[in-house]
There are 2 protein chains.
Amino acid sequence: MADDNEQHLRWGVRRRLEFIDFRLFWEGRFNRKALADGFGISSQQASADIAQYESMAPDNLSYDAALKAYVRTANFKPRFIGQSTDRFLLQLAAIESDWMRKEDSWFDALPPAEVVGLSSRKTDPGHLLAVLDAIRNRLELKVEYHSMTGSAAPARTIAPHALAHSKGRWYARSWSREHNDFRDYSLNRIQRVFDPRPCPVDPKLDFEWAHTINLILVPNPALTEERQKAVAGEYEMTNGERKVPTRLSLSFYLMSEFNLDVEEGKLAPEKQQLILNNRTEVEQARAAARQMSKEALARGPRVTTQPSPLARP
Amino acid sequence: MADDNEQHLRWGVRRRLEFIDFRLFWEGRFNRKALADGFGISSQQASADIAQYESMAPDNLSYDAALKAYVRTANFKPRFIGQSTDRFLLQLAAIESDWMRKEDSWFDALPPAEVVGLSSRKTDPGHLLAVLDAIRNRLELKVEYHSMTGSAAPARTIAPHALAHSKGRWYARSWSREHNDFRDYSLNRIQRVFDPRPCPVDPKLDFEWAHTINLILVPNPALTEERQKAVAGEYEMTNGERKVPTRLSLSFYLMSEFNLDVEEGKLAPEKQQLILNNRTEVEQARAAARQMSKEALARGPRVTTQPSPLARP
DNA sequence: GTGGTTCCGTCAATAAACTAGACGCGTTGC
DNA sequence: GCAACGCGTCTAGTTTATTGACGGAACCAC
């Protein structure tokens with residue numbers, strides 16, 4: 001019956017009950033003021049919400065007059081939030097990395113936490129917007145790329161068709177008019193975007209993007225047998241290997257991130273815990289796809305069908 | 001005057017206006033049904049919300065009867081969302097990495113996007129919960145660590161006091177009763193947690209965590225002059241170097257992530273674009289801090305003041 | 001101890017937000 | 001040309017939330 005009620009709850013009320021659940025689960029406590037302030041409701045309404053929560057999950061909380069707060073009981077069971085750690089940790093990382101404002105989360109006191117990494121230049125919203133519109137409506141754009149030399153960067157014409165993320169950076173997978181092939185352009189190196197217009201090139205010709213291959217990862221045999229087993233467990237391998245389906249164009253990033261592109265033996269095995277078993281296969285497949293794209297693009301004819309403006313992809 | 005109104009909006013209404021803003025900005029279009037479904041309101045109320053949005057930002061949208069949707073106009077200016085790219089990209093990455101459900105975001109159609117990385121075992125919510133409670137209330141826990149050998153892992157007693165994130169993994173910075181020093185424990189290798197009890201060790205003695213040092217990063221001189229300039233720009237260096245304040249205990253992760261812990265010349269310069277200029281200083285500082293912690297811990301007396309249960313840190 | 005403060009809870013009256021059902025209007029697709 | 005769909009709007013009625021007032025429990029400073 002309680003489950004029945006749950007469906008009838010209005011969106012706003014449900015969010016507030018989730019908030020109570022969230023705070024109890026992760027922080028063990030909350031008080032009425034936090035609820036009222038967080039959602040801009042009166043304290044009376046907050047009381048009513050708490051009463052409702054209690055009626056639906058009586059054993060979850062009790063009021064501690066000394067702490068002036070509601071506290072989680074020992075046999076607490078989350079009632080409204082799917083108890084996903086990921087949401088919690090994601091938000092924590094996002095706040096620590098300044099991607100998100102603390103007020104937009106449901107945290108009160110953040111646990112002491114630190115995120116390792118190098119913060120990078122932010123992406124300009126207008127540029128991302130232009131890229132997204134281009135992807136959706138199959139447009140090409142003129143862009144100026146961040147030039148370090150101070151000299152005026154020549155404008156390039158690119159037609160983005162997908163986004164990719166690696167090592168904290170976002171890339172726009174794009175056709176390049178100048179080179180007549182497909183390449184990656186780092187979003188936050190774009191300095192200026194202008195002159196969007198329909199693009200005749202079919203993104204399906206980007207075979208390096210479209211085709212995937214299984215990277216076959218195994219523990220570095222230079223590690224002790226015990227460490228190898230640990231690595232196998234760490235990366236959830238079965239039969240001593242892990243197959244990772246990867247787009248050909250992205251295999252480079254994954255290889256780079258895990259030092260799979262370094263000759264075996266060159267690095268200390270602890271710095272190269274994984275070995276790519278089918279490296280030549282991957283590299284050949286990638287080169288072949290690249291060649292196929294080039295030939296298809298050179299051959300033309302370029303595709304003619306155009307989606308209507310602002311239509312869904 | 002409009003700004004005045006904005007403050008009076010109720011939380012739920014404001015969220016819906018933000019939703020309209022978000023969709024218009026990032027996807028260029030939305031319709032009434034999306035609003036009604038997303039927030040569980042009636043179509044009448046959705047119409048009312050749209051009318052209100054239009055009254056507050058008349059030039060932002062127009063209805064396209066052919067598309068059966070509201071579309072963004074050329075001179076659109078976001079009115080309710082701070083136009084932060086980060087929120088957009090963060091959610092995109094989160095959804096792509098399965099950290100977040102699409103329904104919890106405001107996306108309609110996701111742009112084609114891919115996140116490079118190896119998915120890892122999920123962290124058990126109960127374990128994270130126990131660790132967080134331990135951090136807040138200064139407890140020690142018995143944990144069983146994931147053992148690859150199949151043999152029963154001996155329980156260890158740890159007292160976590162902070163979280164750290166690196167390369168997709170979360171670590172609990174903890175005092176170890178067995179070793180009587182401070183170490184990192186990977187959250188998703190914890191198999192079982194039990195027997196929490198107050199811990200007499202003061203986390204302030206973890207000098208490797210408390211002390212920070214500036215890592216001084218410079219472009220790898222083995223790169224061409226032009227590439228060096230590009231790297232300097234890419235990492236926002238001033239005077240050819242970037243100072244990155246880092247906790248001593250985390251310097252290892254940062255060094256590992258950017259191959260700063262590899263001898264110069266061993267790797268192709270493209271795989272080692274950054275060089276750590278003060279590596280020996282960092283390593284000495286770290287070793288010194290570690291030694292200080294050990295001595296302080298060995299010396300005792302262990303700290304006596306205890307925060308009350310469930311009190312804020 | 002005593003007053004002052006700050007939490008909480010509740011009652012009653014009022015205002016705002018929202019829903020249900022019904023109707024008309026324009027566009028699209030068969 | 002007709003059904004289907006999405007939008008806008010009207011009325012009446014319900015739910016949700018606010019304002020204002022009052023009282024209880026715990027804590028702090030004096």
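Every value quoted in this text rests on a predicted model; they were computed, and no experiment measured them. In what follows, chains carry the letters A, B, and so on, assigned in the order in which the sequence lines appear, proteins first and then strands, with residues in each chain numbered from 1.
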Taking [atom1] from [X] and [atom2] from [N], how many angstroms apart are they, rounded to a whole number?
X     : N      : atom1 : atom2 : answer
B:I20 : D:dC7  : CD1   : P     : 12 Å
A:I41 : C:dG9  : CD1   : P     : 12 Å
B:R15 : C:dA17 : CZ    : C1'   : 17 Å
A:Y70 : D:dA26 : OH    : P     : 14 Å
B:L17 : C:dA17 : CG    : C1'   : 13 Å
B:D37 : D:dG6  : CG    : C1'   : 12 Å
A:R14 : C:dC18 : CZ    : P     : 18 Å
A:W11 : C:dT19 : CH2   : P     : 13 Å

N/O (side chain, B:R16) to phosphate O (OP1/OP2, C:dA17) under 4.0 Å: no
OP1 or OP2 of D:dC7 under 4.0 Å from side-chain N/O of B:R32: yes
Over 12 non-hydrogen atoms of neighbours within 6.0 angstrom of NZ in A:K102: yes
Exceeds 12 heavy-atom contacts within 6.0 angstrom, atom CH2 of B:W99: no
Check every atom of [options] against the side chain of [X] and return the nucleotide holding the closest atom.
X     : options                : answer
A:N31 : D:dT16, C:dT27, C:dC7  : C:dC7
B:S42 : D:dG8, C:dC8, C:dT19   : C:dT19
A:K68 : C:dT27, D:dA26, D:dT18 : D:dA26

Parallel, tilted or perpendicular: ring planes of A:Y53 versus A:F80, cut at 30 and 60 degrees: tilted
Residue-level proximity of residues 44-55 of chain B to DNA chain C when a heavy atom falls under 4.0 Å: B:Q44, B:Q45
Qualifying residues under side-chain contact (heavy atoms from CB on, under 4.5 Å), relative to B:S62, sequence neighbours excluded: B:V71, B:T73
Over all atoms of both residues, closest heavy-atom pair of A:F182 and A:R173: CB-NH2, 3.7 Å
With B:W175, the side-chain hydrogen bond (donor to acceptor under 3.5 Å, both in side chains) member among B:D206, B:T157, B:N180: B:N180
Partners meeting ring-ring contact (aromatic ring centres under 6.0 Å, His included) with A:Y185 (sequence neighbours left out): A:Y145
